[in-house]
There are 2 protein chains.
Amino acid sequence: MAGMDGVTEETVRRRPATLRDVARAAGVSVATVSKALNDQGRMTAETRARIREVARVLGFRPNGLAQSLLRNRSFTVGLLTNDTYGRFSLPVMAGISEALVDNGVSVFLCHVEDDPRLGQLHVEAMLDKRVDGIIATGKRIDRRLPVDLSQLGIPVIYAFTEPAPGAIAFVSDDAGGARLAVEHLVRLGRRRIAHVTGPASFAVVHTRADACGAALAAAGLPAGAPLIGTWSESWGHAAVETLLAGLEPPDAVFCGNDQIARGVIDGLRERGIRVPGDVAVVGFDNWEIMAGQTRPPLTSVDMNLAALGREAGLTLLSLVDGKPVEPGIRTLPCRLVVRQSCGRPPGG
Amino acid sequence: MAGMDGVTEETVRRRPATLRDVARAAGVSVATVSKALNDQGRMTAETRARIREVARVLGFRPNGLAQSLLRNRSFTVGLLTNDTYGRFSLPVMAGISEALVDNGVSVFLCHVEDDPRLGQLHVEAMLDKRVDGIIATGKRIDRRLPVDLSQLGIPVIYAFTEPAPGAIAFVSDDAGGARLAVEHLVRLGRRRIAHVTGPASFAVVHTRADACGAALAAAGLPAGAPLIGTWSESWGHAAVETLLAGLEPPDAVFCGNDQIARGVIDGLRERGIRVPGDVAVVGFDNWEIMAGQTRPPLTSVDMNLAALGREAGLTLLSLVDGKPVEPGIRTLPCRLVVRQSCGRPPGG
DNA sequence: ATGAAAGCGCTAACAT
DNA sequence: ATGTTAGCGCTTTCAT
């Protein structure tokens, strides 16, 4: 076969084959090889096929660095997070990664903790590598990352972290999630629904508590003050005492997260109160490993973080492609994952 | 000031400044700018300072793509994992990232699940981007990632996942960890020490059980057969029944992970058995959110995964720099984190 | 002490 | 139908 003399699969090279290697082996110019491989220009089908074959045999892969330099586009984005052990940011990341990998985009993961120096370091490293854009994420939506991303000259998207003013951001619809939980309990016939949640310093605590109250009011049910504590199991456990102190103890508890819910369930059980028989419990976060292992398995609000990440990733791509995107905060719906802590499980 | 006419901080450009922009503004050649900025070549200190100043004012940052193309080194590595919700791989990642960021190296995070197609896709994307090396990690040390990394032509390191034959790998010393746990219990005067652990399909189950048995034998204590189950809380809970069925119930339980330990503790409490008063319990993994929230807080074996990641990262850098590294599996020590589930807490 | 020129691997406009 | 040329932004001889 002309132009393929001595070229075999066994020809193992240390240095990866370049366009020039292919051109030489195929007896054509580099430009022709480039066109053949990129389906551009005109040439006989036979030539194109032959060049392709030579490239394949040589194991040619285009050098992305060279392509990026030329196109001014690196097919690379940065993901900044301060959530090292990733309860929240990891599902977001998974969604981003999923959305981007099919477009040939790779993601730099950067843990910045809450350290401005570390944030700066990572951002500069990414800028030097000419990332096409940056996504910022975190563990709560009312705290900024320790680094200013608003003047970088490249597109930036915020997902599950507090955005800079006028930026594009994606957050979960916490109010909607709370409504989902309460409406589920109401539908199941519960009438005295309490709310045990985390510290008042978290914006979501108020968002969810307010929505909870509103949903109860809409259903014509009484809404007591939410029980404010910490995001911990031990708080949930301790809160049970307060819950049972009143004249009319609740027949349902909507909890600010799954750990609190778990503590509540444990506390109830220790007092011989059945879940869901006597009291129904709903959690928030749908943290699989917690919600699934609770006895009984916990019905919980899922924030759809992976979907949120996917949207963020796709939107960043639009931005990179120069498409206009309206700034502002987009709120994505939650969903309720029904298990057995409220009675009437899926089959019932 | 000569050569700085019209150059001010306010000169905001969309297109990032290039070496040529700096050269023009400073009235010198690109070569001189390059040398000035890289502390190379000879020139008057005054020239060097002036060029530096111009570069600073223009906000010049060298284009890493161009540098990488030239140096054949991208200061970029890939991290492959199949542990999407990262109990194990996330601490490893944090260690890797920490070790590399100070060297100006950024990390591509690639979730490959257990999908060979996805693995291939990510690996090819990374190869095209000319990563300097790849680190493979996962959720257990006896399963391979769904993609072959042995013929890539770039350095590869395995951390907490099964390595290819003859590769370089880092794993935790599970046997040592089990020994640590048992010796701690023995030291505290416990004499009938049971072992409740996960499925026999996991290599670590045998490693830890064998080491547990050996440590008991070494202490002259009886070693019953380990109780094999699943890695779940519910299994730990269920195992309590078996534990208490014998004539001589245990005064300590070493558990294969923290979730099992938690189930065991719950089961014991429900039967009115005190922890640590009557029975001491040790977990494995030191999963903070689980071990810290157990009542009482759980003493647990920590695999030092972040340290493992750091070693893996640094070793990869050595490899990239062409330094020779002995192939083989390196085992890194575990440590015991003492809380209150065995009595005699730190202060006691 | 400084600059001109070549080249990393690739693509695209412009020949032929 | 294919090749020549220029150039992305940078570093590095080699001249001057």
Side-chain angles (χ1 to χ4, degrees), chain A residues 2-3 13-52 54-55 58-76 104 127-132, chain B residues 2-3 13-52 54-55 58-76 104 127-132:
Chain A
R13 297 150 316 286
R14 277 298 116 218
R15 181 181 56 82
T18 73
L19 220 43
R20 216 167 44 212
D21 298 329
V22 179
R24 194 170 329 147
V28 294
S29 76
V30 272
T32 305
V33 177
S34 173
K35 287 176 206 153
L37 264 29
N38 294 319
D39 268 325
Q40 305 219 325
R42 272 186 303 278
M43 66 188 65
T44 60
E46 192 267 333
T47 309
R48 201 181 289 273
R50 186 169 49 90
I51 292 175
R52 287 233 160 111
V54 173
L58 288 181
F60 171 79
R61 318 227 73 213
N63 185 326
L65 295 170
Q67 293 181 316
S68 297
L69 186 57
L70 205 54
R71 299 190 192 160
N72 216 22
R73 177 107 156 62
S74 64
F75 287 90
T76 277
L127 253 22
D128 286 352
K129 277 152 194 154
R130 294 300 191 263
V131 293
D132 296 329
Chain B
R13 297 150 315 286
R14 278 298 117 219
R15 181 181 56 81
T18 74
L19 219 43
R20 216 164 48 207
D21 298 329
V22 179
R24 193 168 331 143
V28 295
S29 75
V30 275
T32 305
V33 177
S34 173
K35 286 176 206 150
L37 264 29
N38 294 319
D39 268 324
Q40 305 218 324
R42 271 187 303 277
M43 67 189 65
T44 59
E46 192 267 332
T47 309
R48 202 182 288 274
R50 186 169 48 89
I51 293 176
R52 286 232 161 113
V54 174
L58 288 181
F60 171 79
R61 319 227 71 212
N63 185 326
L65 295 170
Q67 293 181 315
S68 296
L69 186 57
L70 207 54
R71 299 190 194 160
N72 218 22
R73 178 107 156 60
S74 65
F75 286 90
T76 277
L127 253 23
D128 286 352
K129 277 154 194 151
R130 294 301 192 263
V131 294
D132 296 329

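Numbered from 1 within each chain, the chains take letters A, B, ... in sequence-line order. No experiment lies behind these values; they were computed from the predicted model shown.
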> Are the side chain of B:R48 and the backbone N or O of B:K35 linked by a donor-acceptor pair below 3.5 Å?
Replying inline: yes
> Does CZ belonging to B:R20 count more than 12 external heavy atoms closer than 6.0 Å?
Replying inline: no
> Which is true for B:T47 with a 4.0 Å heavy-atom rule: it touches a base, it touches only sugar-phosphate, or it touches nothing?
Replying inline: sugar-phosphate
>> I need the B:R71 CZ to A:L65 CG distance, nearest 0.5 Å.
In response: 12.0 Å
>> Using only atom types and a distance under 3.5 Å, with no angle test, would you say the side chain of B:K129 pairs donor to acceptor with the backbone of B:S74?
In response: no
> Is there side-chain contact between A:L70 and A:Q67, with at least one heavy-atom pair below 4.5 Å?
Replying inline: no
>> Please give me the minimum heavy-atom distance between A:A23 and A:V30, naming the atom from each residue.
In response: CB-N, 3.7 Å
>> At a heavy-atom distance below 4.0 Å, what parts of residues 29-39 of chain A sit against DNA chain D?
In response: A:S29, A:A31, A:T32, A:K35
> What is the 5' to 3' range of DNA chain D, first to last nucleotide, that sits under 4.0 Å from any heavy atom of chain B?
Replying inline: D:dC8 to D:dT12
> Stepwise, does the side-chain contact (heavy atoms from CB on, under 4.5 Å) test hold for B:R50 with B:V28?
Replying inline: CA-CA 11 Å; B:R50 186 169 48 89; B:V28 295; 4.1 Å; yes
> Do you know the tightest heavy-atom contact between B:F60 and B:T18?
Replying inline: CE1-C, 3.5 Å
>> According to side chain to side chain donor-acceptor pair (under 3.5 Å), who are the partners of A:S68, at least two apart in sequence or on a separate chain?
In response: none
>> Pick the closest DNA chain C nucleotide for B:M43 and for B:L70 by heavy atoms, then say which residue is nearer the 5' end.
In response: B:M43
>> Reading DNA chain C in the 5' to 3' direction, which nucleotide is the first one with an atom under 4.0 Å from a heavy atom of chain B, and which is the last?
In response: C:dA1 to C:dG9
>> Taking side chain to side chain donor-acceptor pair (under 3.5 Å) as the definition, give me every residue that meets it alongside A:R52, ordered by chain and number, with sequence neighbours left out.
In response: A:D39
> In degrees, rounded to 10°, what is the bend between the two ends of the helix from C:dA1-D:dT16 to C:dT16-D:dA1, using five pairs at each?
Replying inline: 50°
>> In the structure I gave you, are the side-chain heavy atoms of B:L37 and B:L19 within less than 4.5 Å of one another anywhere?
In response: yes
>> With heavy-atom distances below 4.5 Å as the criterion, would you say the side chains of B:R15 and A:N72 are in contact?
In response: no
> Which atom pair, heavy atoms only, marks the closest approach of B:I51 to B:A26?
Replying inline: CG1-CB, 4.4 Å
